[in-house]
Peer 1: 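I have a structure here, written as structure tokens, and I will follow up with some questions on it.
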Amino acid sequence: MKRLALALILLAGTAGAETYPEARRVLSLGGSVTEIVYALGEEARLIGRDTTSNWPPEANALPDVGYVRALSPEGVLSVSPDLIIAEDGAGPPEAVAVLQSAGVAFVSVEERYDAEGVLDKVDAVAEALGVPDKGRALHKRLAADLQTALGRAQAVGEPKKVLFVLSLQGGRVMAGGADTAADGIIRLAGAQNAMQGVQGYKPVTDEAVIEAAPDVILMMRRGDERADADANGGSSHTAAKEAALAMPALAQTPAGREGRLVMMDGLKLLGFGPRTGEAAVELHDLIYTGS
């Protein structure tokens, strides 16, 4: 905790990183990178985005070059970028190699699921765009948000156990274990990941779900579900929760018996971008106060 608190008061500093202040045709790949570009006020330089980049809403008007992890060089080069800023893991690797061989500046931004990682990501994007002053200002604002979340987390006496459910396809729970964005945001919210001993996002048995005994079940509210819920007075959202809680394994957990299932916007929850401090506070409140 002391290390985290110290990180939150440090200002941006990425000396020696790649910087392209002259780039005017920037392609952002990854929802958090696109959010950061907008938060820096540099969106006028964007000429495209990937499918995961749907916040802020204005980003949806940009040409979509495909999914960040399944890119085609032809699709990316069709928007003629002079700089690509991508989340770590953009690919496939052979597509990235083609783009780099085409002479397009390519900056890969490291993905880490903790407060320090978010701040480093802001620094890296600001450095790539050549706007260090704007980067320092955003870093400072986000650090304050994360400090608020840290204060909430430190005030927790007995952490509640949270089970993150990525999907329920085929009647099987796909849960989030260690080294995932889900694990990171649960910890930032002052709770404990119920799936101890699981790495990554993995399908888990009904027995494992019941044994984990989560106090709260956490799921993503996807964009189409939000639109449907708004149009139908929240019925789509309610139906999704009821369907999940009706699954035998989830129904037999403390969370299932008490109906403690919460949903949040997927990109806000797992993006680890400019809204992460706000997301951690929101999740904390959902877990501990139900509001």
Side-chain angles (χ1 to χ4, degrees), residues 1-46 48-50 52-53 55-56 59 68 81-91 96 100 104-151 153 179-181 183-185 187-188 267-281:
M1 285 296 187
K2 288 182 179 178
R3 182 167 174 253
L4 176 57
L6 177 61
L8 295 181
I9 63 173
L10 295 176
L11 293 181
T14 53
E18 299 169 289
T19 183
Y20 302 92
E22 72 288 349
R24 287 294 174 266
R25 297 187 60 80
V26 179
L27 173 64
S28 59
L29 300 176
S32 65
V33 169
T34 301
E35 282 199 50
I36 292 169
V37 174
Y38 273 87
L40 290 168
E42 293 295 309
E43 65 273 15
R45 296 163 68 179
L46 288 175
R49 50 122 189 161
D50 79 300
T52 70
S53 298
W55 187 267
V68 63
D82 56 14
L83 170 63
I84 298 171
I85 309 177
E87 288 179 351
D88 193 21
V96 174
Q100 291 173 322
V104 181
F106 191 102
V107 175
S108 182
V109 180
E110 184 181 6
E111 195 79 46
R112 298 202 325 273
Y113 305 121
D114 54 26
E116 293 166 311
V118 177
L119 296 173
D120 286 347
K121 191 187 297 186
V122 166
D123 296 348
V125 174
E127 190 73 13
L129 292 171
V131 289
D133 290 345
K134 289 183 176 182
R136 280 187 285 271
L138 178 58
H139 182 117
K140 188 174 182 179
R141 292 198 304 272
L142 181 53
D145 290 344
L146 290 165
Q147 189 66 57
T148 298
L150 174 62
D179 298 322
T180 63
D183 181 74
I185 197 67
R187 288 186 283 107
L188 279 177
L267 182 56
K268 181 177 182 179
L269 180 70
L270 304 181
F272 276 77
R275 295 183 290 165
T276 295
E278 178 186 339
V281 170

Peer 1: Could you list all the ring-ring contact (aromatic ring centres under 6.0 Å, His included) pairs where at least one residue sits in residues 27-46, not counting sequence neighbours?
Peer 2: none
Peer 1: Using the test side-chain hydrogen bond (donor to acceptor under 3.5 Å, both in side chains), find all partners of Asp179 that sit at least two apart in sequence or belong to another chain.
Peer 2: Gln199
Peer 1: To the nearest 0.5 Å, how far apart are CG in Leu150 and CG in Leu188?
Peer 2: 8.5 Å
Peer 1: For the side-chain contact (heavy atoms from CB on, under 4.5 Å) test, which of Val107, Ile85, Thr34 pairs with Val125?
Peer 2: Ile85
Peer 1: Where do Leu142 and Gly277 come nearest, in terms of heavy atoms and distance?
Peer 2: CD1-N, 4.2 Å
Peer 1: Taking only residues two or more places apart in sequence, or in another chain, which ones meet Glu111 in a side-chain hydrogen bond (donor to acceptor under 3.5 Å, both in side chains)?
Peer 2: Lys121
Peer 1: Once rounded to the nearest 0.5 Å, what's the spacing between atom CD1 of Ile84 and atom CD of Gln100?
Peer 2: 8.5 Å
Peer 1: Closest heavy-atom contact between Tyr113 and Thr180?
Peer 2: CD1-C, 3.5 Å
Peer 1: Can you check whether Pro21's main-chain N or O pairs, donor with acceptor, with Arg24's side chain at less than 3.5 Å?
Peer 2: yes
Peer 1: Could you please spell out the steps behind the side-chain hydrogen bond (donor to acceptor under 3.5 Å, both in side chains) verdict for Asp50 and Ser53?
Peer 2: CA-CA 6 Å; Asp50 79 300; Ser53 298; 2.6 Å; yes
Peer 1: Would you check, one step at a time, whether the test side chain to side chain contact (heavy atoms under 4.5 Å, CB included) holds for Glu35 with Leu267?
Peer 2: CA-CA 10 Å; Glu35 282 199 50; Leu267 182 56; 3.5 Å; yes
Peer 1: Taking only residues two or more places apart in sequence or in another chain, which ones pass side-chain hydrogen bond (donor to acceptor under 3.5 Å, both in side chains) with Arg25?
Peer 2: none
Peer 1: Of the non-hydrogen atoms in Gly117 and Asp114, which two are nearest, and what is the gap between them?
Peer 2: N-OD1, 2.6 Å
Peer 1: What's the spacing between Leu29 CG and Arg49 CZ if we round to 0.5 Å?
Peer 2: 11.5 Å
Peer 1: Taking Asp120's backbone N and O only, do any of them form a donor-acceptor pair with Arg112's side chain (distance below 3.5 Å, no angle check)?
Peer 2: no
Peer 1: By salt bridge (Lys or Arg N to Asp or Glu O under 4.0 Å), which residues pair with Asp183, not counting sequence neighbours?
Peer 2: Arg187
Peer 1: For Leu27 and Val104, what are the C-alpha separation, side-chain angles and deciding distance, and is it a side chain to side chain contact (heavy atoms under 4.5 Å, CB included)?
Peer 2: CA-CA 10 Å; Leu27 173 64; Val104 181; over 6 Å; no
Peer 1: Please give me the minimum heavy-atom distance between Ala90 and Val96, naming the atom from each residue.
Peer 2: O-CG2, 3.6 Å
Peer 1: Going by side-chain hydrogen bond (donor to acceptor under 3.5 Å, both in side chains), name the residues that satisfy it together with Lys268, two or more places apart in sequence or in a different chain.
Peer 2: Glu278, Glu282
Peer 1: Report the distance from atom CG of Leu40 to atom NE2 of His139, rounding to the nearest 0.5 Å.
Peer 2: 12.5 Å
Peer 1: Rounded to the nearest 0.5 Å, what separation is found between the CG atom of Leu146 and the CD atom of Glu116?
Peer 2: 10.5 Å
Peer 1: For a quick test of reading the model, state the closest non-hydrogen atom pair linking Ala23 to Leu83 and the distance between them.
Peer 2: CB-CB, 3.6 Å
Peer 1: Work out which heavy atom in Leu46 is nearest to a heavy atom in Ser28; give both atom names and the distance.
Peer 2: CD2-OG, 3.7 Å
